Amino acid sequence: MAEVNGHASQSASTERIQIVDDEKTFTSELTGQIERWGLRDSGFNYNIVAVFGSQSTGKSTLLNRLFGTTFDVMDETRRQQTTKGIWMCRGRDMGVMVMDVEGTDGRERGEDQDFERKSALFSLASSEVLIVNMWEHQVGLYQGANMSLLKTVFEVNLGLFGKKQMDGGRTLLLFVIRDHIGQTPLANLQATLVADLNRIWDTLSKPDDLKDRKLSDYFDLAFTALPHKILVPEKFELAVLSLRKRFTDKSNPDYLFKSAYHKRIPADGVAFYMQNIWEQVQSNKDLDLPTQQELLAQFRCDEISAGALAEFNEQAKSQKRPVESGRVVEGLGELMKNWRTRALTRYDRDASRYHKGVYTRKRADLVSVIDSTLSPLFLGQLKNLHKLAVVAFKQDLLNGLKGDNYDFAEVVTKATKKCEETFSTGAKEALVEGTDWNWEDELEVIKEEIRGVADQCRKDETKKMINQIERNVKKIISEPVEIQLSKPSSEMWDSVLTTFKETLAKAEATYLAKAKSFNCTEQENVTSLAALRKRSWIVLRNKIEEQTADQVLLGKLRAHFEEQFRYDDQGVPRVWKPEDDIDGAFKKAKEETLELVPLYSRIKPLDSSLEFVLEDDASDDLANEEFEFSSSLVVLSETKCLDLINKFRRDADAYYVEAKRSTVSSIAQ
Ligand code: GDP
Ligand code: MG
């Protein structure tokens with residue numbers, strides 16, 4: 001007896017159902033009934049038995065005795081026929097589905113042989129044991145109703161199981177001989193029956209490819225006899241009881257439900273399978289069980305898959321919105337793995353009992369549906385992780401670059417490492433084994449992106465640094481150049497340029513020292529240095545501009561002239577006497593001063609090695625003002641020079657007049 005953990009109530013477990021009615025219609029209630037019997041989830045852990053035999057040979061009576069079922073028994077007093085069709089009951093306290101076939105005796109009454117054939121097909125397709133019930137006196141009646149019935153059974157069986165090898169291809173025929181008086185021993189009856197069966201088998205018209213098959217290739221035979229129920233009721237009951245044990249006790253050496261007979265239809269598929277078989281039988285279509293089992297498998301695996309998927313979808317839906325809204329869902333990978341495993345476990349539990357090929361194929365379908373639902377969540381999570389990691393990276397750069405005491409390269413390296421780790425850790429968590437998902441591509445995109453951010457940041461930092469150095473240059477050269485330009489001499493530009501070049505060299509060294517930590521490229525260094533040179537030059541040039549502005553320069557000329565004209569060689573102010581050569585002194589001082597104008601007008605050292613050259617094409621995105629180096633060497637244009645000369649002459653003339661007057665007044669005293 002199969003053990004069943006059904007918790008169906010006693011009344012439900014004894015319920016009876018007519019699975020095929022007298023109109024030959026299959027019931028739609030069987031699934032529900034099997035569930036109510038508590039057998040739905042028993043997998044292969046159940047048995048099916050059916051009975052065959054002439055009318056009113058005590059079949060239903062026997063089944064009820066053996067299995068505790070509640071099939072209708074003909075009422076002796078009224079000799080009333082029971083309802084036609086196929087009935088099913090669950091054996092009391094046993095995981096057994098028992099089928100009772102109520103037909104008319106077609107051969108005897110000349111009517112419904114069709115139903116007999118169909119019910120034979122149906123019973124064989126699902127039963128492990130077929131009880132063939134007959135009176136003792138029917139044994140040996142080769143031409144009798146029983147033998148004709150068996151011929152039908154054999155023929156039908158060939159059609160069902162003949163062609164392909166399959167599980168459950170064997171069936172046990174249990175001959176129960178009723179009202180056995182005992183005069184003829186069972187062994188003799190059995191020998192007669194076996195001989196008859198073989199004869200029937202030999203006369204069967206078999207298809208060519210099955211010509212050599214023997215009866216024993218398909219059937220096991222067992223025989224038992226029961227004493228007369230009316231004449232020796234106690235013996236009858238005892239014999240029934242011991243037969244019952246052969247159905248219930250697995251340890252019994254004559255146990256009848258051998259696993260080889262099981263048709264391997266999972267209990268939850270029995271109803272669908274039987275209905276399909278019946279419909280196939282009804283429409284007289286060819287019926288081969290391997291195909292039926294495959295159809296069943298397809299149907300059930302689809303159903304089981306749909307059930308698993310429904311639950312899975314519900315779970316997956318819960319995280320769809322959070323992920324889509326940009327959130328990084330904590331432990332998403334763990335969740336996804338759980339949903340996926342749960343769905344597959346559920347599917348495997350129920351579907352793996354069905355046809356292997358179908359089960360495997362449908363499983364692959366299920367996996368691909370599951371994964372195509374999870375994949376957007378995974379990708380969404382990656383996207384969100386990506387965003388999060390890059391934002392953190394930018395923040396880390398900002399924080400790291402605060403103050404003056406940072407090593408740029410170190411800050412970037414640290415932030416990069418952290419960013420990549422944040423992402424990788426999250427991505428690995430979100431990964432579900434068994435998929436072909438990958439996060440490494442996304443990591444490459446991130447690397448590219450933060451490299452860009454770091455580059456931009458370095459450029460900004462470099463800019464800041466160059467600005468700083470430029471301000472420094474300005475500060476450093478300002479005073480010396482101012483002094484040098486106020487002491488005009490032939491070597492004036494030599495000293496200005498020396499100051500400039502020394503300062504620039506220091507600035508360049510400062511840049512290079514800092515640029516090391518910026519991981520600047522060679523090209524960037526070239527560009528930055530060019531910019532620094534150009535901007536330093538402009539700084540110098542602006543200083544010169546300031547020092548040679550009209551009034552400033554006129555002041556310098558005047559000062560120089562005064563030095564010459566109004567002071568003597570010892571630097572003592574002159575007091576002009578009439579005998580002094582005012583004209584000569586004036587002329588000399590004026591000419592010497594006028595010579596300064598060309599000196600100021602162009603930046604030109606005596607020592608040509610001090611000349612400064614700036615490539616005009618030095619590209620500089622840091623100070624891209626319109627600028628041409630060669631013209632920057634010109635301080636005063638020719639017109640400007642003439643203008644200055646004129647202005648200065650007027651000033652000088654005034655001095656001359658004043659000197660002249662002073663002698664006149666001193667004479668007058
Ligand atoms: P079924 O049509 O084959 O299902 O037969 P039933 O179980 O309905 O029984 C038909 C009649 O035979 C009933 O009146 C029973 O009481 C009677 N019957 C049942 N078992 C036996 C038996 O072993 N021997 C005899 N002689 N009569 C029986
Ligand atoms: Mg009956």
Side-chain angles (χ1 to χ4, degrees), residues 14-22 24 48-92 96-109 111-113 115-116 118-120 122-123 127 129-139 141 144-150 152-153 173-184 186 189 193 223-244 246-247:
T14 56
E15 271 171 13
R16 185 179 55 164
I17 182 171
Q18 185 177 26
I19 55 176
V20 175
D21 66 14
D22 54 355
K24 298 178 187 166
I48 299 184
V49 60
V51 72
F52 240 81
S54 317
Q55 269 284 283
S56 301
T57 46
K59 298 187 298 292
S60 303
T61 305
L62 176 64
L63 294 179
N64 290 348
R65 285 287 202 297
L66 287 176
F67 302 106
T69 48
T70 54
F71 296 118
D72 275 349
V73 171
M74 193 183 76
D75 187 340
E76 196 69 50
T77 56
R78 280 180 272 172
R79 304 291 303 171
Q80 186 186 330
Q81 275 293 314
T82 47
T83 320
K84 275 197 293 182
I86 301 176
W87 295 79
M88 193 188 264
C89 258
R90 181 192 158 170
R92 185 187 289 265
V96 179
M97 294 182 224
V98 185
M99 286 198 286
D100 189 15
V101 181
E102 290 290 353
T104 52
D105 251 329
R107 288 153 313 282
E108 282 169 4
R109 306 181 187 202
E111 24 184 86
D112 207 353
Q113 287 195 32
F115 177 75
E116 210 166 69
K118 283 173 177 165
S119 50
F122 181 75
S123 304
S127 305
V129 177
L130 197 61
I131 297 175
V132 183
N133 190 56
M134 55 174 67
W135 300 120
E136 181 183 4
H137 61 76
Q138 287 178 301
V139 176
L141 295 179
N146 270 311
M147 291 303 146
S148 158
L149 203 71
L150 284 168
T152 305
V153 168
L173 296 181
L174 172 64
F175 288 85
V176 178
I177 296 160
R178 307 292 289 271
D179 287 1
H180 183 227
I181 296 168
Q183 210 140 28
T184 317
L186 176 62
L189 295 171
L193 279 172
F223 301 87
T224 192
L226 295 177
H228 200 294
K229 179 176 175 284
I230 316 289
L231 299 181
V232 280
E234 294 86 7
K235 284 189 179 170
F236 172 81
E237 295 300 339
L238 277 174
V240 168
L241 210 67
S242 85
L243 182 56
R244 174 180 159 84
R246 294 176 66 186
F247 283 103

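If you're wondering where the values come from, they're calculated on a predicted model, not measured in any experiment. Every heavy atom of this structure was used, including side-chain atoms; hydrogens, water molecules and symmetry mates were not. Both counts, for ligands and for their atoms, begin at 1 and track the order of listing.
- Taking 4.5 Å as the limit, some side-chain heavy atom of Ile86 sits within range of a side-chain heavy atom of Phe115.
- In the vicinity of Arg178, heavy-atom distances shorter than 4.0 Å reach the ligand 1 atoms 20 (N), 21 (C), 22 (C), 23 (O).
- Of all atoms in ligand 1, listed by their number and element, those nearer than 4.0 Å to a heavy atom of His228 are 26 (N).
- Ring geometry for Phe223 versus Phe175: interplanar angle under 30°, hence parallel rather than tilted (30 to 60°).
- As for Glu102, its N/O/S atom nearest the Mg ion (ligand 2) is the one called OE2.
- Distance CZ/Arg16 to CG/Asp100: 9.5 Å, rounded to 0.5 Å.
- Those atoms of ligand 1 that come under 4.0 Å of a heavy atom in Val73, given as number and element, are 7 (O), 8 (O).
- How far CZ of Arg92 is from CG of Leu66: 14.0 Å, rounded to the nearest 0.5 Å.
- Listed by number with element, the atoms of ligand 1 under 4.0 Å from a non-hydrogen atom of Phe236 are 23 (O).
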Step by step, would you call Leu62 with Arg178 a side-chain contact (heavy atoms from CB on, under 4.5 Å)? CA-CA 10 Å; Leu62 176 64; Arg178 307 292 289 271; 3.4 Å; yes
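- Ligand 1 has no atom lying under 4.0 Å from any heavy atom of Phe52.
- How far NZ of Lys84 is from NZ of Lys24: 7.5 Å, rounded to the nearest 0.5 Å.
- Residues Asp72 and Glu102 fail the side-chain proximity criterion, which asks for heavy atoms closer than 4.5 Å.
- Counting heavy atoms closer than 4.0 Å to ligand 1, residue Thr57 contributes atoms from both its backbone and its side chain.
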Where do Lys118 and Val20 land on the side-chain contact (heavy atoms from CB on, under 4.5 Å) test, with the steps shown first? CA-CA 11 Å; Lys118 283 173 177 165; Val20 175; over 6 Å; no
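- Among Leu226, Leu62, Thr61, the residue whose heavy atom lies closest to atom 19 (C) of ligand 1 is Thr61.
- Among the atoms of Met74, some N or O lies under 3.5 angstrom from an N or O of ligand 1.
- Residue contact annotation: Ser60 places an N/O/S atom under 2.8 Å from the Mg ion (ligand 2).
- Taking every non-hydrogen atom of Glu102 and a distance limit under 4.0 Å, the qualifying atoms of ligand 1 come out as 4 (O).
- A side chain to side chain contact (heavy atoms under 4.5 Å, CB included) with Arg65 is found for exactly one of Leu243, Val240, Leu241, namely Val240.
- Both the backbone and the side chain of Lys59 come within 4.0 Å of ligand 1, counting heavy atoms alone.
- At least one N or O atom of Ser56, backbone or side chain, sits closer than 3.5 Å to an N or O atom of ligand 1.
- Judged by the shortest distance from any of its heavy atoms, Phe71 lies outside the 4.0 Å radius around the atoms of ligand 1.
- Closest heavy-atom contact between Ile131 and Phe247: CD1-CZ, 4.1 Å.
- At least one N or O atom of Ser60, backbone or side chain, sits closer than 3.5 Å to an N or O atom of ligand 1.
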